[in-house]
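Only one structure is covered here, and it is reproduced in the block below.
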There are 2 protein chains.
Amino acid sequence: MKKTAKSIVLVDDDHDILEFLTYNLRQADYKVYTATNGEDAIALVNKIEPSLVLMDIMMPGIDGIEALRLIRASRINEQPLIVLLTARSEEYSQIAGFDAGADDFITKPIRPRLLLAKIEALLRRKAVRNNNEIQTEFNDVKINREKFTVTFNGNEIQIPKKEFELLELFFSRPGKVFKRQQILSLLWGDDTIVGERTVDVHIRKLRERFGDKMIHTVKGVGYSIT
Amino acid sequence: MKKTAKSIVLVDDDHDILEFLTYNLRQADYKVYTATNGEDAIALVNKIEPSLVLMDIMMPGIDGIEALRLIRASRINEQPLIVLLTARSEEYSQIAGFDAGADDFITKPIRPRLLLAKIEALLRRKAVRNNNEIQTEFNDVKINREKFTVTFNGNEIQIPKKEFELLELFFSRPGKVFKRQQILSLLWGDDTIVGERTVDVHIRKLRERFGDKMIHTVKGVGYSIT
DNA sequence: GCTTGTTTTAACATTACCTTAACTTTCTGT
DNA sequence: ACAGAAAGTTAAGGTAATGTTAAAACAAGC
């Protein structure tokens, strides 16, 4: 059975690269649209509303990072994934790119297999995360995804990975009650075999850190933050 | 949360003023080094490579303007900002100062708040102007991109390329946790096949040089500087 | 080709984290 | 109020991730 083809907008001022990528992506069953400069790219993205934008950083006129900012600013819903193409030497433009909201990078020269693998991984992750634009602040607690830290009462602290992920999950839908099985499935994956009560222990740790009142128990069901 | 401390070299032959300024600047979280004459100032600037030099114009021996010229002449890369202190009456010397390459002036008597405001504005402008928002200084460690050297506790040393790049990457976003895979992708490129644990070894080397506390491990995720 | 310095790999040691399991407390339905 | 179930709590042990070291592979300069 055939899956719905995802659309990709491709932006590069180099026609050879455009052609090369278009060919490879079409082979992989994506619908490909192309632009050769930042201005056209923005217009095209707004028209097509693609799942993903693959864009060169170096372009005449509006460059990739600027275009990225404009796309992020203009479209409020359904942000496309944006992957930037950089030359190997431009390492530090990647930093700027991350700041501007790029989802990933591919360095030239481009390996088609790697490119496709990255794209598929990104699309899959996006499907999982879907609508949950994850909140970063709740009550007195604020999480910083980049630094992997949590600020509580003005102190910035490090917490173990599982605790962080659990907190992140709760933050993503404040008030929602997560069943233990759901939590395990989301954070541990469906294939791992871990006892449900493990969740309780992590909950305990979080309550130890941030007080008992933040995480609420719904007996017979699961946990939520309130 | 801790900001990166910028260094300031302070030059004045009046000990009261030195003390007064040192106190105020330290309050504002700058690292302050002092000299009481032009000769020492030049040596100190070359050793510390500060972000900013705050220097009196009127000094015995080499005066402020002469010292300024010598600093500008000696240091080819990474010119520090230079702010001159003048008595209100010496307005004419400001002309000479600008000619010699001063970035700003502060007239005595000094208002600490005004001084700090000016300094911060200058540093910010400098960061923007250089277009490299990339930090060069963190804790006691400072990197010199042109010379490929690192200054630590006042000693300028050479470190291997990979270590330097790694440090540079961390400096570019203090606090951010870089995953091993990200680091490999950024510094080695997507096409090279190098084991993730290679990163650990380079981290080890850096910690050996600069102490264990600078680079922080986030288990299951990656490394950051703090 | 040798020498020197750097990078990578690989092996072993250490540690922080995760999980389990056992015991205690609280809740819920009867 | 009671029994049973669910959740709280704690501590110990296992495990995967990282620390650490040394040596092999590699590169640069002489």
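Computed from a predicted structure; not experimentally measured. Note on naming: letters A, B, ... go to the chains in the order of the sequence lines (proteins, then strands), and numbering restarts at 1 for each one.
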NZ/NE/NH1/NH2 to OD/OE distance under 4.0 Å, D29(A) and K6(A): no
Six-ring centre of F164(A), K162(A) cation under 6.0 angstrom, axis tolerance 45°: no
Touch class at under 4.0 angstrom, heavy-atom based, for Y223(B) against every strand present: sugar-phosphate
Length of the line joining R207(B):CZ and dG19(D):C1', which is rounded to integer Å: 8 Å
OP1 or OP2 of dT19(C) under 4.0 Å from side-chain N/O of W188(A): yes
Whole-Å gap separating C1' (dT10(D)) and CD1 (I203(A)): 17 Å
Any H202(B) side-chain nitrogen or oxygen under 4.0 Å from OP1 or OP2 of dT8(C): yes
K205(A) side-chain proximity, nearest of dT8(C), dC18(C), dG8(D): dC18(C)
Distance below 4.0 Å between T217(A) side-chain N/O and dA6(D) OP1 or OP2: no
Salt-bridge contact K47(B)-E156(B) (side-chain N to carboxylate O under 4.0 Å): no
Side chain of R204(A) - closest among dT9(D), dT21(D), dT7(C): dT9(D)
Closest to side chain of P160(B), choosing from dT9(C), dT6(C), dA7(D): dT6(C)
Between P of dG19(D) and CG of D212(B), the distance in whole Å: 9 Å
Length of the CG-P vector between L206(B) and dT18(D), whole Å: 17 Å
Distance, rounded to the nearest Å, where F148(A) contributes CZ and dC17(C) contributes P: 13 Å
d(CG, D200(B); P, dA10(C)) in whole Å: 14 Å
Side-chain-base donor-acceptor pair under 3.5 Å for K219(A) and dT26(C): yes
Distance in angstrom units between H216(B) NE2 and dA16(C) P, rounded: 10 Å
Ring-face cation of K31(A) near Y33(A) (centre distance under 6.0 Å, axis angle within 45°): no
Candidate nucleotides dT7(C), dT10(D), dA7(D), ranked by approach to the side chain of R197(A) - the nearest: dA7(D)
Between P of dC18(C) and CG of L187(A), the distance in whole Å: 11 Å
Donor + acceptor pair across side chains of T217(A), R207(A) (<3.5 Å): yes
Sugar-phosphate only, base, or nothing, as touched by V199(B) at under 4.0 Å among non-hydrogen atoms: nothing
Residue met sooner reading DNA chain C from 5', once K162(A) and V201(B) are mapped to nucleotides: V201(B)
